[in-house]
Amino acid sequence: MFAEIIVDIKISCENQCFDYEIPTNLVSFLKKGMGVIVPFGTKNNYRLGYVLNIKKQSSFATKQIVEILTRTLFINDELFLIADKMLETPFVTKTIVYKTIIPFVFLFSYKKKVNIQQENLVPSEIKIYLQKKKYHLSLKDPLFDNPLFKQLIKQQSLQIMNIIQAKNKPKKSFLYSLQLENLQNSNLTTKEKNFIQQFQKQLKNYNTKKELLKFASSHIINKLLQKKILNKTKQNIVEPSTNLSPFIWEWFPDIPLTVLQNYIWKQINCTFCQTYLLVYEEYKDKMAIYLKLIVENIKQKKQTLILLPEIILIQPLVTCIKKILPNLKIAVLHHKLNNESYLEQNEQIKNQQVHLVIGSRSAIFVPFHQLGGIIIDEEHDESLIEKEKTPFYDTRELAQVRAVFHHIPLILTSRTPSLESVYQIQKKKYQLLLFPVTPKISNIQLIDMKEELKKGNFEPFSDILFQNLKKAIKNKQKTLLFINAKGFSSFLLCSLCSYVFKCRRCQQNMTWFLHKNILKCRFCHHTENFSKKCFRCQQTSIRAVSFGIEYIEKILKEKFFSAKIIRLDSDTIRNNKKYEKILTIFRQKDIDILLGTEMIAKNLTIPSIYLVGIITADILLNTPTFKASEKTFQLLTKITKYNNYSNPIVIQSYNTQHYALQTILNYDLKTFYQKALQERKLSQNPPFWFVSKILISHNNFFKSSQIATNIKEHLRNYHKQEIKVFGPSVTNIKKKNNLYRFLLILKYKEWPLNLNFITEKKLQQDAYLLFDRFANII
DNA sequence: AGCACGCCGACT
DNA sequence: GTCGGCGTGCTC
């Protein structure tokens, strides 16, 4: 018998699986999905591998599997199904797929064990160094660069062995205690003295760093460590994951539902695989259904999985659920966790120590014992699609695979569902759960900025928005202003020689950032210093034709110099903590205006807002993608919700007749979806057609162009019926990592798409191919 | 990852 | 003529 194995080697050799013979004593034990140790390469170093398949014949196998790692499966049947789904995408390789779905790979590390063969030949400094490292060296240990050390290995005075080691060693941490005898002969600052007092009063003799940080900053703690007043001692903390306490399925109170919520809930069949689209208007309705599902699953001793598009949304949801079900055990998983916490959470889920898992898209790969239901929140959000690294995948699609496997419901939730999902309702693939939309007495004022121009108002604010702003500031009421343009201006023109500032690399308009005083290309991130002089005629005659968030900030400061303004965009924020901090400041302090880009729409609630202003909705409407109207509608729905429709909302646009804006006025979901779907059908775009692109990268410009043309020709000759091809065109980012990138755009009606002929006929030659199923381009 | 192989420049 | 540096390609 033979096994098909992916070996844990660098991703660069990603296409192959390796065949190994299964030794007779292991044949009855070895199963598909297990981890094994195999000899690999000329030196037969031991490497870790995962069994993908067991077969009777192999024309390649020359070596035997050494041993089985553990009896538990690393990849179970369910994960194999998910992998198969991901492998439907052309050019995606098995290795890269399995590496994304089993983060357990991190469990192991490769080390070199050094045995001294000839004591007398090894110099003492090397001996001491080895002793310090306990004769285990990491692969990149500097000692391997030492010429003497190299020679000792060559002459076999030292023997090197490869070992595979489990990575989840017990976490090391330190305990801190006071050394009062050192207190007398040292000068202390008042802050340090205060801290020591606090320590004596409120803390135990030994404390973790976390406890100390409640009373002092890490700076002070470090200072005191230097002065030897604080002492730290090592301590091995017992991992919570090693404590396999049996899970108790406690009793949880029933969730009371309103008549309407109950009506919706009754339509969900918990023992049947069905995708539901839950369209809600009020947050509390959605939460009621979520909580009900969680509690019902617990009654059946099953776990629930909730997926969110953004990491920042996780904590608020956890808090909200804990408020109602304080005893609920929740695991949080997302792609920014470090390996240790990821493994810890994973263990807990596997050992049935949590009722609920909340995570971002990557949590879709978490193995469950008894999964009772999957919820995907904000299902329209594009962040649910992984597009940062291959393999690209749509979380909703993979969730469906899991739902089928477990025979459980999959609930997609949104106030403004994606057009794809609405289309699935029409095709009767999904079931609609609709909280009836209540018609509103609209407070939204849609301002035609063309009229303002005619009146002679060239400011970014219309009269009405300006008056409302004035009133809000006077009455100390909070305002939210939204503009979807970064920087100061994204269109700079020399008024003397009509030179337009374009990116040297990709010929797109450069955006001027006022504070950093740079020009930056929003496509390839090429950055240049900006001297406010025209590159061509060297005159200071630059005119900003369009305006961005920095421009608005400047105007606001000029017009309302007493107002306190806080800005929130991806340039002022580096991480989620900063995001929360800005929102907290806005909530607590007397900030008048919150000015933000698309980022402000990521959060759930920004309370106590009086006025909502949207400056130029056109920027959204005119982004070059077929998703423009959908995105506009979704974003504006979210932003206009912030003041609960009870207070003034002003939307400014040059194109007031666009259906996405007209339907926003009275929150007319039905008309919007009707018109948007019609538009997509006419333009042959999703959900009626699949739009994808093939990216061809090669370090030779002509060769990559040639390959692109060859692929196109082949598609035209043999697949003219099913696939429309556009291109090849050079991408915006012309040159990245010294690779020239060409792209072909494909439109087709059937998925999965079989493009095997490209790799079979080696049309790609030595170019790198990437298939992007979720292309947003027109 | 880690090793072999091959090409090229520098030095016996 | 050979030694070693680095770039490339293969490992069941």
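Just so it is clear: chains get the letters A, B, ... in the order the sequence lines come, proteins before strands, and each one is counted from 1.
One can place CZ of A:Phe40 at 14 Å from C1' of B:dA4, the figure rounded to the nearest angstrom. A straight line from OH of A:Tyr46 to P of C:dC12 spans 14 Å, rounded to a whole angstrom. The nearest whole Å value for the distance from the NZ atom in A:Lys43 to the P atom in B:dC3 is 5 Å. One interatomic measurement links the two molecules: CZ of A:Phe18 to P of C:dG9, which rounds to 16 Å at whole-angstrom precision. Between the C1' atom of C:dT11 and the CG atom of A:Asp19 lies a distance of 13 Å, rounded to the nearest Å. For the pair A:Ile9 CD1 and C:dC12 C1', the interatomic distance rounds to 10 Å; values are reported in whole Å. Distance, A:Ile37 CD1 to C:dC12 C1': 17 Å, rounded to whole Å. One can place CG of A:Asn44 at 13 Å from P of C:dT11, the figure rounded to the nearest angstrom.
A:Tyr20 comes within 4.0 angstrom of the backbone, heavy atoms only, and of no base.
Phosphate proximity of C:dC12 to A:Lys63: present, with a side-chain N or O under 4.0 Å from OP1 or OP2.
Taking every side-chain heavy atom of A:Lys112 into account, B:dG2 is the closest of B:dG2, B:dA4, C:dC12. Looking at the side chain of A:Asn45, the nearest of the listed nucleotides C:dT11, B:dA4, B:dG2 is B:dG2.
Using a 4.0 Å cut-off between a side-chain N of Lys or Arg and a carboxylate O of Asp or Glu, A:Glu382 and A:Lys387 do not qualify as a salt bridge.
Nearest heavy-atom pair, A:Ile385 versus A:Arg361, reported as atom, atom and distance to 0.1 Å: O-NH1, 4.0 Å.
Counting only distance, with no hydrogens or angles, the side chain of A:Asn76 and the backbone of A:Leu79 share a donor-acceptor pair below 3.5 Å.
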| said: Using ring-ring contact (aromatic ring centres under 6.0 Å, His included), reason through A:Phe80 and A:Phe405 one step at a time and then give a plain yes or no. | reply: CA-CA 11 Å; A:Phe80 271 115; A:Phe405 183 86; over 10 Å; no
